[in-house]
There are 2 protein chains.
Amino acid sequence: MIVEPSTEQIIKEAAKKIFVRKGFAGARMQEIAEEAGINKALLHYYYRSKEKLFEGIFSEIFDHMIGQLKQSVTTDKPLIQKIEDFVDRYISTIEQNPYIPLFIVNEIAQNPDRFVEKIKSKQVFPELAGFFQQMLGEMERGNIREIPPLHLFLNILGLCAFPFIAKPMVKAVSGMDEDTWEMLMKDRKKEVKTFIRRALMA
Amino acid sequence: MIVEPSTEQIIKEAAKKIFVRKGFAGARMQEIAEEAGINKALLHYYYRSKEKLFEGIFSEIFDHMIGQLKQSVTTDKPLIQKIEDFVDRYISTIEQNPYIPLFIVNEIAQNPDRFVEKIKSKQVFPELAGFFQQMLGEMERGNIREIPPLHLFLNILGLCAFPFIAKPMVKAVSGMDEDTWEMLMKDRKKEVKTFIRRALMA
DNA sequence: GTCTATAATTTGATAGAC
DNA sequence: GTCTATCAAATTATAGAC
């Protein structure tokens, strides 16, 4: 049974697409309306303002990413496998939404205060603390090499997310075409996992 | 002998500051004028339009970064030392201009075509090709472990740049204050170099 | 060169008919 | 709910005096 999407849903999808590509400052209500196949007035009928529309979109996207992030970290597996699950899941998520990481990082940078409160309520820190404890435990037991957990976490995030954040720059600088890029990314999960494993294993 | 900066130079500095923080779409000519301590009309007197002003700023910043990048890669040193020099230099450069990486990546993402031509003239690819050849050589000789050069290069770039690109997000998510962040970054060069060395050495 | 004042354009938001 | 028409504010750009 196929339900056709409500106007509200159509607007949300259109807004998501435009906001994610152009950012809040660069997005135009007119463009969102066109993308949705309606007019500007209707945008304001459903959402009172550009600000409110954006707020809804951003929350949805951010919650989804945080949710993904938590899932891999919360399981009961041994550290190395947990890290590799994290890499697989995180890169898969990004591959499906390649513009998202740059979008999130950018909007928070533009307006950090707006998000501090929202994020606190997400309670991601306890999960991370557990993850870090597990790292420290493995180091004490000599199973992995010494490295401050936060640096290791930054390394993992960076190895996963950076290529997608920097893709337009890398392609421009190297003159790489889209096919070559895709071939490169096809191996990315494997290469990242190998790189991390080598760095951690004594 | 101290020469006081010309109005043109003052404008350029002000514009750089505002553009880098807000991006092209988010920056306002009024704000740039205020930052420079002049009025909007004078901006248009020296640079014809917002677009032209931005173009000049971006080129200068981008050229500087590419120049830094090339320097470390072009020397005659052994690979591992070349990589470690690169990390030191790159992170130092970023620390002095923490907003630059996100700015560059973002503006290229917004308007890739604008830069393809400009970048080609920079001839960064030959230098990179030499760097990659050196990597392959070291792998053949068994001095470092096997890894596709482009992946290794992405890893190095990501490990250096990502923390600064994601700083606002990381701080927001973890509730970290500025002092703690600075303590973390104080060790960043060392941690990155160690991580890479471990991953490469058999 | 630098300013004030203002034009021209873009853009978010609303009024009101259907 | 959806549209057309229009307003109000913001923003880039220019004219013209000094």
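Letters go in sequence order (proteins before strands), and every chain restarts at 1.
- In this structure, B:Ala25 reaches neither bases nor backbone, as no heavy-atom distance under 4.0 Å exists between it and the strands shown.
- The residue B:Ala27 sits close only to the backbone: its heavy atoms come under 4.0 Å of sugar-phosphate atoms, none of a base.
- The CD1 atom of B:Ile11 sits 11 Å away from the P atom of C:dG1 (whole-angstrom rounding).
- Comparing C:dG1, D:dA13, D:dG1 by their closest approach to the side chain of B:Tyr46 singles out C:dG1.
- For the pair A:Lys193 and A:Asp88, the salt-bridge criterion is met [side-chain N within less than 4.0 Å of a carboxylate O].
- In this structure, B:Lys50 satisfies the cation-pi test against B:Phe24, with its NZ or CZ atom closer than 6.0 Å to the six-membered ring centre and inside 45 degrees of the ring normal.
- B:Phe54 has its ring centre no less than 6.0 Å from the ring centre of B:Tyr47.
- Using a 4.5 Å cut-off on side-chain heavy atoms (C-beta onward), B:Arg188 and B:Pro163 make contact.
- B:Asn39 has its CG atom 6 Å from the C1' atom of C:dC3, to the nearest Å.
- Residue A:Lys22 contributes atom NZ, which lies 12 Å from atom P of C:dG12 at whole-angstrom precision.
- Residue B:Leu43 contributes atom CG, which lies 13 Å from atom C1' of C:dC3 at whole-angstrom precision.
- An OP1 or OP2 oxygen of D:dT2 is reached within less than 4.0 angstrom by a side-chain nitrogen or oxygen of A:Thr7.
- The CD1 atom of A:Ile32 sits 12 Å away from the P atom of C:dT11 (whole-angstrom rounding).
- Set against D:dG1, C:dT2, D:dT11, the side chain of B:Arg28 has D:dT11 as its closest nucleotide.
- For B:His44 and D:dA13, the shortest distance from a side-chain N or O to OP1 or OP2 is below 4.0 Å.
- The listed nucleotides are C:dA13, D:dG1, D:dT14; the one nearest the side chain of A:Lys40 is C:dA13.
- You'll find that the side chain of B:Leu42 is closest to C:dT2, out of C:dA13, C:dT2, D:dT12.
- Atom CD of A:Glu34 and atom P of C:dG12 are 12 Å apart (whole Å).
- Taking the six-membered ring for Trp and the full ring otherwise, A:Phe103 and A:Tyr99 have centroids separated by 6.0 Å or more.
- Nearest to the side-chain atoms of A:Ala41 among the listed nucleotides C:dA13, C:dT14, D:dA13 stands C:dT14.
- Going from atom OH of A:Tyr45 over to atom P of C:dA17 covers 17 Å, rounded to whole Å.
- Rounded to whole Å, the distance from CZ on A:Phe54 to C1' on C:dT11 is 18 Å.
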